[in-house]
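Here's the structure we're looking at; comments come further down.
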Amino acid sequence: MAYVRTIGLQAKDLQILTVQFPDGSPFAEYRAPPLDNDKAQAFVTAGRRRSKPTWPTGSYKATYTVMRDGAEVLRKAFTLEIGE
């Protein structure tokens with residue numbers, strides 16, 4: 001599971017959090033509905049339950065994007081390395 005806590009979002013902002021497997025294929029995605037008003041802080045998560053005893057090894061990438069009035073105003077990416 002990946003999560004992001006943000007501060008200072010505006011009404012109608014769209015938040016998207018995506019996570020990719022090490023091979024680049026989609027793992028999980030969460031698209032929050034447009035915000036109904038300005039938010040002092042917000043918290044979003046994206047993930048899924050494990051279907052096998054372990055996750056595939058490698059570098060998982062999560063990307064958080066905020067869209068405002070049809071334009072990207074923020075993009076942050078982070079990775080997590082899962083070893084053997």
Side-chain angles (χ1 to χ4, degrees):
M1 175 176 283
Y3 67 91
V4 176
R5 179 179 168 257
T6 52
I7 298 171
L9 295 175
Q10 297 179 12
K12 300 182 184 175
D13 281 355
L14 299 172
Q15 301 175 83
I16 305 163
L17 179 57
T18 60
V19 183
Q20 295 175 317
F21 280 109
D23 67 4
S25 63
F27 173 79
E29 179 177 270
Y30 177 68
R31 291 178 174 264
L35 295 174
D36 54 354
N37 54 22
D38 292 353
K39 298 288 184 185
Q41 59 181 322
F43 183 83
V44 294
T45 64
R48 66 182 194 188
R49 292 182 186 266
R50 190 173 56 208
S51 60
K52 297 180 180 180
T54 61
W55 293 111
T57 60
S59 184
Y60 289 75
K61 181 179 180 183
T63 304
Y64 174 73
T65 307
V66 175
M67 304 291 292
R68 182 175 297 146
D69 298 323
E72 184 178 294
V73 295
L74 175 68
R75 177 180 293 258
K76 295 289 182 181
F78 50 98
T79 58
L80 171 66
E81 191 71 32
I82 295 182
E84 294 189 31

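One-based numbering along the sequence shown.
Rounding to the nearest 0.5 Å gives a distance of 10.0 Å between CD of E29 and CD of Q20. Between F27 atom CZ and M1 atom CE the span is 9.0 Å, to the nearest 0.5 Å.
Within the structure, salt bridge (Lys or Arg N to Asp or Glu O under 4.0 Å) contacts touching residues 11-26 (residues at least two apart or in different chains) are D13-R68.
Other residues, nucleotides and ligands contribute only 12 or fewer heavy atoms inside 6.0 Å of the CG atom of D69.
Residues L17 and A2 come closest through the heavy atom pair CD2-O, 3.5 Å. Here the shortest heavy-atom pairing between K61 and A77 reads CE-CB, 3.8 Å. Here the shortest heavy-atom pairing between P33 and L14 reads C-CD2, 4.4 Å. Taking each heavy atom of R48 and F21 in turn, the nearest pair found is NH2-CZ, 2.9 Å. The two residues A46 and A28 come nearest to each other via the heavy atoms C-CB, 4.2 Å.
Note that R75 lies outside the cation-pi zone of Y64, set by a 6.0 Å cut-off to the ring centre and a 45° limit from the axis.
In this view, F43 and Y3 satisfy the ring-ring contact (aromatic ring centres under 6.0 Å, His included) rule, not counting sequence neighbours.
Note on Y60 and F78: separate hydrophobic clusters, where clusters join Ile, Leu, Val, Met, Phe, Trp and Tyr whose side-chain heavy atoms are under 4.5 Å apart, directly or indirectly. The hydrophobic clustering, which links ILVMFWY residues whose side-chain heavy atoms are closer than 4.5 Å, places V19 and V44 apart. When hydrophobic clusters are built by joining Ile, Leu, Val, Met, Phe, Trp and Tyr residues whose side-chain heavy atoms come closer than 4.5 Å, directly or via intermediates, I16 is not grouped with L9.
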Test T6 against Q15 for side-chain contact (heavy atoms from CB on, under 4.5 Å), laying out the working first. CA-CA 10 Å; T6 52; Q15 301 175 83; 3.8 Å; yes
